[in-house]
Amino acid sequence: MSQRKRRRFWRRSTGHMAAQRRQNPKGDGFETRAVHAGVEPDPATGAVVPPISLASTFLQDAVGAHRGYEYARSANPTRAALEACIAELEEAAHGLAFGSGMAAEDAVLRALLRPGDHVIIPADAYGGTYRLVAEVYEPAGITWSAVDLGDRDAVVGAWRDETRVVWAETPTNPLLSVVDIAAVAEVAHERGALVVVDNTFATPYLQLPLRLGADVVVHSSTKYLGGHSDVVGGLVALGDDGLAEQMAFVQNAAGAVPGPFDCYLVLRGVKTLAVRMDRHCANARAVAALLAEHPAVGRVLYPGLPSHPGHDVARRQMQDFGGMVSFTVGEGEEAAIKLVASTRLFALAESLGAVESLIEHPARMTHASAAGSPLAVDPSLVRLSVGIESAEDLVDDLRHALDAVG
Ligand code: PLP
């Protein structure tokens, strides 16, 4: 796309999103917006769920005269609805959808960094983020430091003249560290850098990073936003027009876009996000209470526990503490590996954030890519994604499995 065409495309798609937001008269509460954001009844038929727009190409009345869409990699009505939805929920001016959370991360980094630049990532970043930065961006001339973002002196100490981006994740995967987004934004902005927050674990229902001073929010919509373990996707939300234009350019140029059906599934998932998150949070609280008193368990990592180092920050910047709980069991990996194979309801599987409860061993599964690196995960760690089943059933399931390994 030429520069002029790119600008025209950009103005058209952002105008489309802004119009959708203005047209939503249905109220301001998060639950209300989650149900309606980005979605209007189909003007042709009145269908309250607009049809999934599968077309890869769109009729033009004359060369250059089209009805808002030309080719589906550049823009597609179902994707535009999802992009308007995430922008509205994150209180952002712009939303962008991608084929996975990693594709979203890649587009953000590609738009923000140039060879020679430096990025600060969390000392316990999601393993995939670490791999992307260390194994894709480093060979392309980007330098990076992994830093405890809760330690202001460590962040300042790692700072370089070339630092352009601080990448935060809160709570983190899988250690559930909580980062004070406002404090990180202050340090970064004083020095002219941008802050990106991976909001996958909290979702916009529990935490609004842009309100707290972040510049860009990313999501793996594979997780809570989709919510049903049946779609892989990524989203970006941000306020700055110029940065959004650069990311939209990467989205179209590199083409890691989600298909229309995947966009529909995420839009559908988002409608129940608030009610699902309430149950995830309540169930995680019950599970953490069991773990905190079970003799087979070592450390419990859950921001809702007053003993968690990030508890006070989490209380301040989140509406609740989320549905993820990690803990250690035994020494080394033996007890942890036995435990993850012993539950009945908690299914042994990667991923998180869906209605069904999952259990996994990060060192050998989701975070195996960080093995041998400074971000390697404790082999005695077990991660739970607490689902929306009956809390009593989940607690019983875990208690039996822990009794067996203990
Ligand atoms: N960010 C976080 C916090 C994640 O947990 C994940 C995946 O587990 C990702 C990003 C990557 O998302 P995806 O698997 O959709 O590419």
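We're numbering straight along the sequence, starting at 1. Just follow the structure's listing: the first ligand is 1, and inside any ligand the first atom is 1. All of these numbers come straight from a predicted model, not from anything done at the bench.
Remark: distances from the non-hydrogen atoms of Glu105 to ligand 1 include one below 4.0 Å. In this structure, Ala103 has no heavy atom closer than 4.0 Å to ligand 1.
Remark: side-chain polar atoms of Arg279 are not paired, donor with acceptor, to backbone N or O of Val275 under 3.5 angstrom. With Thr366 contributing its side chain and Glu350 its backbone, the two residues share no donor-acceptor pair below 3.5 Å. Looking only at distances, a side-chain donor or acceptor of Thr200 sits under 3.5 Å from a matching main-chain atom of Ser220.
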Test salt bridge (Lys or Arg N to Asp or Glu O under 4.0 Å) applied to Arg315 and Asp312, step by step:
CA-CA 5 Å; Arg315 278 175 69 104; Asp312 290 341; 5.2 Å; no
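In terms of the salt bridge (charged side-chain N to carboxylate O under 4.0 Å, His left out) criterion, Glu169 has no residue partners (sequence neighbours excluded). Residues passing the side chain to side chain contact (heavy atoms under 4.5 Å, CB included) test with Asp180 are Ala182, Ala183, Val313, Arg316, Gln317, sequence neighbours excluded.
With ligand atoms numbered from 1 in the order given, ligand 1 contributes 15 (O) to contacts under 4.0 Å with heavy atoms of Gly233.
Phe321 and His311 have parallel rings, their planes meeting at less than 30° on a 0 to 90° scale where 60° marks the start of perpendicular.
Nearest protein heavy-atom neighbour of atom 8 (O) of ligand 1: Lys223 NZ, 2.8 Å. Scanning the protein for heavy atoms near atom 1 (N) of ligand 1, the closest one is Asp198 OD2, 2.6 Å. The closest protein non-hydrogen atom to atom 9 (C) of ligand 1 is Tyr126 CE2, 3.4 Å. Here the heavy atom of the protein found nearest to atom 5 (O) of ligand 1 is Asn173 ND2, 2.8 Å.
Under 3.5 Å, the side chains of His94 and Glu83 contain no donor-acceptor pair of N or O atoms.
By the criterion of a heavy-atom distance under 4.0 Å, the side chain of Glu169, and not its backbone, is placed next to ligand 1.
Considering both main-chain and side-chain atoms, Phe201 never comes within under 3.5 Å of ligand 1 through any nitrogen or oxygen pair. Of the N or O atoms in Leu352, none lie within a sub-3.5 Å distance of an N or O in ligand 1.
When the heavy atoms of Thr200, Thr172, Thr222 are ranked by distance to atom 15 (O) of ligand 1, first place goes to Thr222.
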